[in-house]
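To start, the structure itself, in structure tokens.
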Protein chains: 2
Amino acid sequence: MTDPTHNPADYPPFGVTVDLVVFSIIDKSLRILLIQRDEPPFRGKWALPGGFVHPDENLEQAARRELAEETSIGKEVGHLEQLGSYGEPGRDPRQPVVTVAYWGIAHDLPEPQGGGDARYAEHVPVTEVASGSIRLAFDHNEILTDAIERLHHKISYTPLAARFCANEFTISELRSAYDTIWQDTSQFTENQTVAQEPFEKPQLSLAAPQSVPPGKLDFPIHALKQPNLKLVDQPKELTYTKLDSGNFQRSVLQINGFLQPTGKKSSPSTSGGRPAELFTTGDLEELTPPIHPKTPKPKK
Amino acid sequence: MTDPTHNPADYPPFGVTVDLVVFSIIDKSLRILLIQRDEPPFRGKWALPGGFVHPDENLEQAARRELAEETSIGKEVGHLEQLGSYGEPGRDPRQPVVTVAYWGIAHDLPEPQGGGDARYAEHVPVTEVASGSIRLAFDHNEILTDAIERLHHKISYTPLAARFCANEFTISELRSAYDTIWQDTSQFTENQTVAQEPFEKPQLSLAAPQSVPPGKLDFPIHALKQPNLKLVDQPKELTYTKLDSGNFQRSVLQINGFLQPTGKKSSPSTSGGRPAELFTTGDLEELTPPIHPKTPKPKK
DNA sequence: AAAATAGTGTCTTTTAGACAATATGCG
DNA sequence: CGCATATTGTCTAAAAGACACTATTTT
């Protein structure tokens, strides 16, 4: 950095990658998009979709391109923003690599298709990762934890939770999104030790760590869970209690610019019930006051 | 990405740098640490301190090392966290470079010493940058804007504002920190067009853009302001009104774990007044409820 | 009618904010 | 004392939260 005649070779070369945490809610459970790696390192393990950045594209473009390549998911991602960068030496056994993590929200995602580095891609409930049933490659567990923390903050003071819903949605659907998120991530926030082991440098020259058959897989994700960890369907509802529908209704409606009425009404669900009004999101960017999860007893 | 025998040369090489936005409050004004570049590109221009990351250090270590090298400021930085990464193609005219920005808070900083890339370093009021009197190199104006936004959010829901104060501080000093920050950054939040021109790729092979004498400088920063921009001491107090001392006192004291009384009392200021109690920060990480700037009229 | 979901009303408790009053140091 | 700042008190308006009630659909 002290030579006016600059030579890039004088500078330490890094690989720069992007990785993505794409949240969605399917069947009332909060999920993230994971791929199963088809290449070493960490061959056969679950990982966040991602890959190397090209010199002629910016970071967000790279993130969208890699997502499309590995999971064939594109415009369905309704929100995408940067989470942070991870550059612990040795985090990639191949070479110095800094990864720029992104996180996003999507609604109504199709079944992802594997491609590129990925032999397989799937929407995995975050509770599977939180419980330790699934362990991710690289430092992706750490990235996921940070993404969930960011998700929590963002849905409280921005209208982003609406991105989990369709373009037109009811207030109940919005409330259900909040409930699902807070329910499914309570393990991350209440005790941060879940599936969070310190990052270890992987050994160099590792092939497939377990004997996973090559080629495309068609068995369910449960077959890939770590066998040494029990996968009890923990009823650890912990302490989160759902939002009150009446109070929620009033709260969001009194935030000016949050919800835009469409005049239309939803068709009631199969189980009956009064049809709800349909809304879209307005142009508001910051919710005042913010929406918080119910804390059952803020022990004086 | 499809070759099991990995060769780093196959992957696009990037330079990875760190840049730092270090806030402090000096003479009741919010300031950031800037250096004047002693090397091309942007020789002679103001920039955030920073530099290339080494392959054997992590990103935060690199940030602290570069800060110490260029400004001789080290442990005085009481808080340092990542802001985000910036990788627009062409943002560095020399080669593909991704920079990881950090922001921090420091109290009682010494006069910084130039070093390394920096011929000069100084604590510059953010209002000087907001008003356009000072234009930063690379995309550092954009980074600064993002840092201020993050600072705003963080001081509202964390105890971080206390890092602007000494280890033991009075509630008034804490309140003054909030007032100063919100006052001095109101131009950034209220109209985001201040000194925010779209990023332009700098021309290649540029030497010193203006005729700046080489070597160490000892003239005040005003001599380096852009001559084509008037540097009116704009009294644009805009709309921020200071916090009420009584209400602030009650608010912060009722947040359990925020302030830890020391039992000691401060000596009153030169202008007299009742001595105030001295506090340290507790172990609380999130302020509930958060502390917000006063919005004069939330026009119903 | 019964069940289910949407939406409103009401009451109580808590909080925010304006602003007055008191406390404690200094010259 | 008179000034300046710290700290407490008081009152009012707004918001949060618990929960009962009404509305509109399906079976």
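Sequence lines set the chain letters: A, B, ... in the order given, protein chains first and strands last, and positions in each chain run from 1. The model shown is predicted, which means the values in this text are computed figures rather than measured ones.
With the nearest nucleotide of DNA chain D identified for both B/L253 and A/K265, B/L253 has the one nearer the 5' end. Between B/P290 and A/S172, it is A/S172 whose nearest contact on DNA chain C lies nearer the 5' terminus. Mapped onto DNA chain D by nearest heavy atom, B/E277 and B/G273 fall at different nucleotides, with B/G273 at the one closer to the 5' end.
Checking A/H152 against A/T185 by side-chain atom types alone, a donor-acceptor pair falls below 3.5 Å. Of the N and O atoms on the side chains of B/H140 and B/E142, not one donor lies less than 3.5 Å from an acceptor on the other residue. When only modelled atom types and interatomic distance are considered, A/S133 and A/S131 share a side-chain donor-acceptor pair under 3.5 Å.
As rounded to whole Å, 11 Å separates atom P of C/dA20 from atom CG of B/D244. Spacing between atom CZ of B/F169 and atom P of D/dA6 amounts to 14 Å, rounded to whole angstrom units. What separates CZ of B/F248 from C1' of D/dA6 is a distance of 13 Å, to the nearest Å. Between A/Q254 atom CD and D/dA15 atom P there is a gap of 6 Å when expressed in whole angstrom units. Between the C1' atom of D/dA6 and the CZ atom of B/R274 lies a distance of 5 Å, rounded to the nearest Å. Distance CG (B/L243) to C1' (D/dA6): 16 Å, rounded to an integer number of Å. In this structure, CD of A/Q249 is placed 12 Å from P of C/dG9, rounded to the nearest angstrom. Distance A/N247 CG to C/dT10 P: 15 Å, rounded to the nearest Å.
Applying the 4.0 Å criterion to OP1 and OP2 of D/dA18, one finds that A/K294 has a side-chain N or O inside that range. Under 4.0 angstrom from either OP1 or OP2 of C/dT15 there lies no side-chain N or O belonging to B/S251. The phosphate of C/dA3 (OP1 or OP2) has no side-chain N or O of A/S271 nearer than 4.0 angstrom.
B/F164 CZ to B/E173 CD: the interatomic distance, rounded to the nearest 0.5 Å, is 14.0 Å.
We find that A/E81 and A/K154 are joined by a salt bridge, their nearest charged nitrogen and carboxylate oxygen being less than 4.0 Å apart.
Residue B/E173 is out of contact with every strand shown, counting any heavy-atom pair closer than 4.0 Å. Heavy atoms of B/S245 sit under 4.0 angstrom from at least one base atom.
Residue B/R250 places a side-chain atom within donor-acceptor reach of the base of D/dT10, judged by atom type and a 3.5 Å distance cut-off alone.
Among the nucleotides C/dA6, D/dT26, C/dG25, the one closest to any side-chain atom of A/R175 is C/dA6. The B/P275 side chain lies nearest to C/dT24 when the options are D/dT25, C/dT24, C/dG7.
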